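So the structure is just underneath, and the comments pick up after that.
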Amino acid sequence: MLATSPVATGEAHITKGTPMKATKWWQNTAVYQIYPKSFNDTTGSGTGDLRGITAKLDYLKDLGAGALWLTPVYPSPMVDNGYDISDYTGINPQFGTLADMEELIAEAKRRDIRIVMDLVYNHSSDQHPWFIESKSSRNNAKSDWYIWRDAKPDGSAPTNWRGIFGGSAWTYCAEREQYYLHTFAEAQPDLNWENPEVRAALFAAANFWLDKGVGGFRIDAITYIKKPAVFEDGTPDAADGMVSVHTMTANTPGILDFLHEFRREVFDGHDIFTVGEANGVSVAELPDWVGENGVFSMLFEFAHVLVPYEEGECWSKMIPWKLTKLKGALSASQAGVAKEGWYPIYFENHDRARSVNYFFPNGGDTRLAAKALATVLMTLRGTPFIYEGEELGMTNVRWDTIESYDDISSHGQYELALKEGFSPAEALSFVHFNSRDNARTPMQWNTSEHAGFTTGTPWLPANENYHTINAAAEEKDEDSVLSYYKQIIRLRKTNPVLLSGVYEELLADNEQIYAFSRTAGNRRIVTAVNFSAEEAALPAGFLKGVRLIGSYADAPSTVLRPLEAVVYEEEVK
Ligand code: NOJ
């Protein structure tokens, strides 16, 4: 069972007042997220590499990306594809060398693109020398670098917490005759941030990368670093008798003290951005995290991507949702950073299914769906994050057996669904819809074998639709998702209203259309997107002025056509 954040209600959130102007480089650009393992393989190994990213810099520049966030490229046993790090200042030989990384940073810089690293500081790999030493005895120099606890009197785990990938969050270690805590997989032991030596070592590693010239950091799972003073059982939330570790430890009071220190010791004084992955931080708390005296530049919160869930992120417990819930979540986030702070807008990342399937579960034209989401992504207030392949409209895969899936959380969720009494076919259908592998299939470059990703055997098969959905074909097609992305990114970058304008939600109760305005001075931009597969009526005179962009060739009349997205600009008094 994955974790949750409170989801906003569907009421209209109107932001008034003078908002912060977008003056920083990272507020005025689009960030592109790369999953290096699946991006571009230059060696035929079947996994992507750093040189493969360097080789595609011109493609990324042409798209309009100003920063590339790489998911972890450090040495790692790859139990969780790099989120289990065994050396914080090295490069995984699978991806290349430190020299390749330096070349990537330099080549990107020449194109005015910055490289953003992923810091995985809640946990390390169980193969990190720190952990190997820590587990060796109860009295070694690193004995309290991780979270160790004695068993309950009956020998069972110290608490009934379930790890985010399923199963107990505790694993027994015979050498110490104690359990260690892992919020995620057994191979990802949680670091003990209470120990100042741990913090100093982590901050030193981040400074190492700053010295290499990186343009920022995405900070993984950061809401879990502070643990409660007392560890106790929680009320079970599923048939396994356990409670999600998220419920028990996310965003524990005192966490901001650690993060202020992090900011002082690492981020302050550098022209970089930081974006924390912050499941568990509510919109109301955003100012403390990203306001003027906050700790990060931006925070990924989860409310809008968790709309298909009542609570928690248990794949077997999805619920039907209405557009007003998604709109409410997005509007609440916009309101949360209206005066202070800045919002990272995203619909996809390496942990989520493809957005054209996830947000349009009833099907429909995926090209139009991709353009609809692109329109929202690029015209909301904040910095847009595009995940590799999203700009092509890549879609989910659907494999026949659970064994075909690599993703550790897909296996955990599958097992949990069986425990909850679902049949194997039902459990697999949850995996089809939610699996992180949906986003991790190879990037679709062209129609050659394996989508042009590798000349070897890809670590994960390419989605078979690469024959039609691929970068080479879309580059030549003016009506493609890729061409639309290029156009709308350019529009966003050159239009000051889209960069800084005040957000206001319109037609808040409408269950088909997401509409909002952005206003600055005497200019007002209106975005209107029909999320439904039917025509949707607009109020009379709703769209005024000039049509800046639209997903259909011609302008709409008084109705928006299925999945139609438009952006208009007008002068206001
Ligand atoms: C969040 C990352 O995005 C995800 O991919 C990873 O599995 C967990 N944190 C654990 O690091």
Side-chain angles (χ1 to χ4, degrees), residues 1-5 31 33-39 69-86 88 92 116-128 131 146-147 161-167 169 171 180-191 193 202 205 217-225 244-246 249-251 274-281 296 298-302 305-306 313 315 344 346-354 385 387-388 390 405-413 431 434-441 459-460:
M1 198 175 293
L2 294 185
T4 185
S5 299
V31 181
Q33 185 195 344
I34 292 184
Y35 198 66
K37 196 172 177 185
S38 301
F39 192 64
W69 152 29
L70 313 188
T71 57
V73 289
Y74 316 93
S76 161
M78 300 295 270
V79 171
D80 188 20
N81 282 334
Y83 283 93
D84 46 324
I85 296 171
S86 54
Y88 284 103
N92 186 341
V116 172
M117 303 281 282
D118 210 317
L119 297 181
V120 188
Y121 280 3
N122 173 67
H123 47 269
S124 73
S125 160
D126 63 350
Q127 300 305 309
H128 196 296
F131 186 73
Y146 293 83
I147 316 281
W161 302 349
R162 182 192 312 104
I164 286 178
F165 295 150
T171 291
Y180 66 88
L181 180 69
H182 47 88
T183 298
F184 295 90
E186 182 179 332
Q188 294 167 300
D190 281 30
L191 285 153
W193 274 67
L202 295 173
F217 298 110
R218 178 264 189 186
I219 302 101
D220 185 70
I222 198 64
T223 39
Y224 301 110
I225 59 171
S244 172
V245 65
H246 174 87
T249 68
N251 201 7
T274 54
V275 54
E277 188 201 26
N279 197 357
V281 176
F296 297 132
M298 298 178 269
L299 215 59
F300 286 126
E301 35 113 19
F302 282 52
V305 291
L306 293 184
E313 195 178 349
W315 293 358
Y346 75 98
F347 288 117
E348 282 188 23
N349 61 38
H350 63 293
D351 291 335
R352 314 235 57 99
R354 289 293 180 177
F385 281 68
Y387 178 70
E388 65 180 43
E390 187 176 5
Y405 285 83
D406 172 87
D407 166 31
I408 190 169
S409 73
S410 297
H411 289 270
Q413 290 277 351
V431 172
N434 289 286
S435 176
R436 305 193 298 178
D437 282 348
N438 284 310
R440 298 176 180 187
T441 58
W459 73 277
L460 209 59

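Numbers here are sequence positions counted from 1. All values reported here derive from a predicted model rather than from experimental measurement. Atoms within each ligand, like the ligands themselves, are counted from 1 in listed order.
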Contact atoms of ligand 1, heavy-atom distance to F165 under 4.0 Å:
7 (O)
Among V120, I225, L191, which one satisfies side chain to side chain contact (heavy atoms under 4.5 Å, CB included) with L202?
L191
Centre-to-centre under 6.0 Å for H350 and Y83, is that the case here?
yes
Which residue in the set W69, F300, F302 passes ring-ring contact (aromatic ring centres under 6.0 Å, His included) when paired with Y346?
F300
Could R352 and E313 be called an ion pair, given the rule that one side-chain N must be under 4.0 Å from one carboxylate O?
yes
Can you tell me which residue and heavy atom of the protein come closest to atom 3 (O) of ligand 1, and the distance to 0.1 Å?
D351 OD2, 2.4 Å
Using modelled atom types only, decide if a donor and an acceptor are shared between the side chain of E348 and the backbone of R354 within a distance under 3.5 Å.
no
Side chain, backbone, both or neither: which applies to Y224 and ligand 1 if a contact is any heavy-atom pair less than 4.0 Å apart?
neither
For ligand 1, which atoms, with element, lie under 4.0 Å from some heavy atom of E277?
1 (C), 3 (O), 9 (N)
What is the closest protein heavy atom to atom 2 (C) of ligand 1, and at what distance does it sit?
D220 OD1, 3.1 Å
So if I count the atoms of ligand 1 from 1 in the order they appear, which ones are less than 4.0 Å from some heavy atom of H123?
10 (C), 11 (O)
H350: numbered ligand 1 atoms lying under 4.0 Å from its heavy atoms:
2 (C), 3 (O), 4 (C), 5 (O)
Taking Y35 for the side chain and N349 for the main chain, is one N or O donor matched with an acceptor at less than 3.5 Å?
no
Whether the D80 and Q188 side chains hold a donor-acceptor pair (N or O, under 3.5 Å, no angle test) is what I'd like checked.
yes
What atoms in ligand 1 come closer than 4.0 Å to a heavy atom of R436?
4 (C), 5 (O), 6 (C), 7 (O)
re atom 8 (C) of ligand 1, the protein heavy-atom contact at minimum distance is F184 CE2, 3.7 Å
Who's the nearest protein heavy-atom neighbour of atom 7 (O) of ligand 1, and how far?
D80 OD2, 2.5 Å
Strictly under 4.0 Å, does any heavy atom of H182 approach an atom of ligand 1?
no
Mind checking whether H246 and Y224 have parallel, tilted or perpendicular rings, split at 30° and 60°?
perpendicular
